[in-house]
2 protein chains.
Amino acid sequence: MSPRTRAKVLQAIEELGYVPNSLARSFALQRTKTIGLVITDITNPFFTTLARGVEDTAAKNHFSVIFCNTDENPEKEALYLELLAGKRVDGVILAPASRKKHSLKSLLARGIPVVLVDREVEGLHQMDVDIVKGDSVYGAYILTKHLVGLGHRRIGIIVGNKEISTAEDRVLGYRRALEEAGIPVDESLIRFATYSEEGGYREAKSLLACGNRPTAIFGGNNFIALGVVAAVKELGLRIPEDIALVCFEDIDFISKFVPFFTVVVQPAYSMGVIATELLIRRIEGQDKVRERREVVLKPELIVRESAGEKLLREVRVLQQN
Amino acid sequence: MSPRTRAKVLQAIEELGYVPNSLARSFALQRTKTIGLVITDITNPFFTTLARGVEDTAAKNHFSVIFCNTDENPEKEALYLELLAGKRVDGVILAPASRKKHSLKSLLARGIPVVLVDREVEGLHQMDVDIVKGDSVYGAYILTKHLVGLGHRRIGIIVGNKEISTAEDRVLGYRRALEEAGIPVDESLIRFATYSEEGGYREAKSLLACGNRPTAIFGGNNFIALGVVAAVKELGLRIPEDIALVCFEDIDFISKFVPFFTVVVQPAYSMGVIATELLIRRIEGQDKVRERREVVLKPELIVRESAGEKLLREVRVLQQN
DNA sequence: TTGAAAGCGCTAACAA
DNA sequence: TTGTTAGCGCTTTCAA
């Protein structure tokens, strides 16, 4: 092409405000450069951060991301997955609402790659999906061990729905720590609720109502822990003097204001980044025939205050600050 | 069509796993049933909540939403808008990174409807865009008035970048309250920084370093306020005994843990819902020829503790709880 | 190197 | 009512 023609074409592009229609392009190419992000609730800080990791990484690779909130509802999830399949997204990142085998399969059947985040699904190992998750067993183990180390022997645990793999994993880690410490597991202290404030509130009230009440409560996530705080306050008890409280997931900015709340945090942003990288690698098909990947990220224990006398000192500091 | 044929067709659909290709549909129809949501940072709880309102409303109307984070960077914003235009989204909800006239126009030129959220843009009234925003002037006015009512006369204010309309609006409301109270405005107490923790931290240190330091600080948003907290702590001062602190936007769960922090909150979820409804109404073209809409939502003052002696009582309650 | 044409899967307009 | 066809704007293949 002569430089003159070239200039003319460019000028025409400019004048007419031409923008290539990527819709037509996608249609011709059968690739949309779009991925779906299906989580339970963007409002949950864990997923917010994860979503940011996903979007940043997607943008870097010239992908867009459509986000969907399932509210832990498998039917909503199925609807969204169907929608995304129809829209011909190039891939999906999914935090499954349930571990049941499931709508996911229809995506895979259509050759749409899927990467799971945070949670497992039944029969995962027979399917061709990658997964990026936190080590819930380990996290719960160190959190429980921390409480045991502080002298607690009756520790209540409240987690989400049994349908969610992290709930069972966290209970597993809890059991392991107790067994290791030679503390018999009291099944009545283990509560499956929902990963929500209401869930934490209700189960905490029930745990604290019984005669032989626990001296510590392990919140399965941040929302549950907030419910526990509400229940404890309502019963006129103190954290952590009367009840120690720890949980999975941090609570934003809490460290700035409150001296207690030992916590295990997961690297949510990294999870988003890694999941997106795995997904894009599959989409681009750099290594077509290869085994599924399972990335397990270690959570981090952040010890603030969990029990007893230290609180008083801290409150004094708070007053002075 | 005979019921028999019908059954046969349905069976074939089932067997072949047929899913209508909405990509082809979009292409033929020139409508994608997709909207773009361009915000500064999904990680900011205000935008997280807004995004949830957008997604819920979009889903209800069978729209998908692509989300983009500009990090207050006008170039990133322009890139995203270009991308979305290329993808032929049916409309865009935008929290503009800058008030300068701008990439937005190229969307409008291509007939893609835009609804602004939270922030204005220069020459808005000449353009055919709706806007949904909080009443920053009013919010800042009542917040400042609250401080004045508590006896403060030297009140520092730290807001975001001047390029963002809410920053100027909040300063405006602040001025108005002071003027109304007959308090002369000391320009050195007005600081334009960024809507970030660092911004709040830096300006707070500067404000507190000068001889005639303010007795109260007005944080332009939640992040700025957190920066102020850090600065105040570092200087060995106490909130609110030495420095009162109030801010725009709530800080999640803070009320559960800290007795102070009077705040003005905006109805972020509703903003998302309304913006989406306006946008979809434009997309569906129910009322083609009509004036632009401007929805201004009143924020709500939440008085916790902002000054003095009450804190001690509250800390005692906290200890007992 | 450049140009022409088929095809991606749907909708809508038109014909039978 | 049912069937046929053009066309959405791009990419890719094949011909010139």
Side-chain angles (χ1 to χ4, degrees), chain A residues 1-36 61-64 66 79-92 106-113 280 282-286 288, chain B residues 1-36 61-64 66 79-92 106-113 280 282-286 288:
Chain A
M1 194 194 300
S2 78
R4 197 137 47 103
T5 332
R6 181 183 178 76
K8 271 197 162 178
V9 170
L10 289 175
Q11 195 193 341
I13 286 178
E14 181 69 19
E15 274 169 13
L16 300 170
Y18 170 83
V19 178
N21 183 335
S22 37
L23 192 56
R25 182 165 212 271
S26 293
F27 182 51
L29 249 39
Q30 305 283 60
R31 293 163 67 260
T32 51
K33 281 280 176 182
T34 303
I35 65 176
N61 291 279
H62 310 290
F63 277 79
S64 301
I66 292 178
L79 243 51
Y80 272 123
L81 293 182
E82 203 60 28
L83 184 90
L84 292 171
K87 280 211 145 76
R88 297 298 192 265
V89 295
D90 293 337
V92 169
S106 72
L107 285 184
L108 297 175
R110 278 175 230 144
I112 300 176
I280 290 177
R282 277 199 178 247
I283 290 170
E284 319 264 78
Q286 276 130 346
K288 289 224 169 197
Chain B
M1 193 196 301
S2 79
R4 199 137 46 104
T5 332
R6 182 183 178 76
K8 271 198 164 179
V9 170
L10 289 175
Q11 196 194 342
I13 286 178
E14 181 69 19
E15 273 170 14
L16 300 171
Y18 170 82
V19 178
N21 184 337
S22 37
L23 191 56
R25 181 165 212 271
S26 292
F27 182 51
L29 249 40
Q30 305 283 59
R31 295 163 65 260
T32 52
K33 281 281 179 182
T34 303
I35 64 176
N61 291 280
H62 310 290
F63 277 79
S64 302
I66 293 179
L79 244 50
Y80 273 123
L81 294 181
E82 202 61 28
L83 184 90
L84 292 171
K87 280 210 146 77
R88 298 296 193 265
V89 295
D90 293 336
V92 169
S106 72
L107 285 183
L108 296 175
R110 278 177 229 143
I112 299 176
I280 289 176
R282 278 201 178 245
I283 290 170
E284 319 265 77
Q286 276 131 344
K288 288 224 169 196

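Each chain gets a letter, A, B and so on, in the order its sequence line appears, and its residues count up from 1.
- A:Arg88 places its CZ atom 9 Å from the C1' atom of C:dG9, with the value rounded to the nearest Å.
- Residue A:Leu84 is tested with A:Thr34, A:Val89, A:Ile112 for a side chain to side chain contact (heavy atoms under 4.5 Å, CB included); the sole match is A:Val89.
- Closest heavy-atom contact between B:Lys33 and B:Glu284: NZ-OE1, 4.2 Å.
- For the pair A:Ile66 and A:Leu83, the minimum side-chain heavy-atom distance is 4.5 Å or more.
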Please list, pair by pair, any protein nitrogen or oxygen found under 3.5 Å from a nitrogen or oxygen in nucleotides 13-15 of chain C.
none

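- Not counting sequence neighbours, the partners of B:Arg110 by the side-chain hydrogen bond (donor to acceptor under 3.5 Å, both in side chains) test are B:Glu82.
- Consecutive Watson-Crick or G-U pairs involving DNA chain D, each under 3.5 Å on both distances, make up stems of three or more pairs at C:1-14 with D:3-16.
- Take A:Phe27 and apply the ring pair (Phe, Tyr, Trp, His ring centres under 6.0 Å) test, not counting sequence neighbours, and it matches B:Phe27.
- Partners of B:Ser22 by side-chain contact (heavy atoms from CB on, under 4.5 Å), not counting sequence neighbours, listed by chain and number: A:Lys87.
- Remark: A:Thr32 OG1 to A:Asp90 CG distance equals 3.5 Å, nearest 0.5 Å.
- Annotation: side-chain hydrogen bond (donor to acceptor under 3.5 Å, both in side chains) contacts of B:Asn21 (sequence neighbours excluded): none.
- With sequence neighbours excluded, no residue satisfies side-chain contact (heavy atoms from CB on, under 4.5 Å) with A:Leu79.
- Residues of residues 21-34 of chain A that place a heavy atom closer than 4.0 Å to DNA chain C, in numerical order, are A:Phe27, A:Ala28, A:Gln30.
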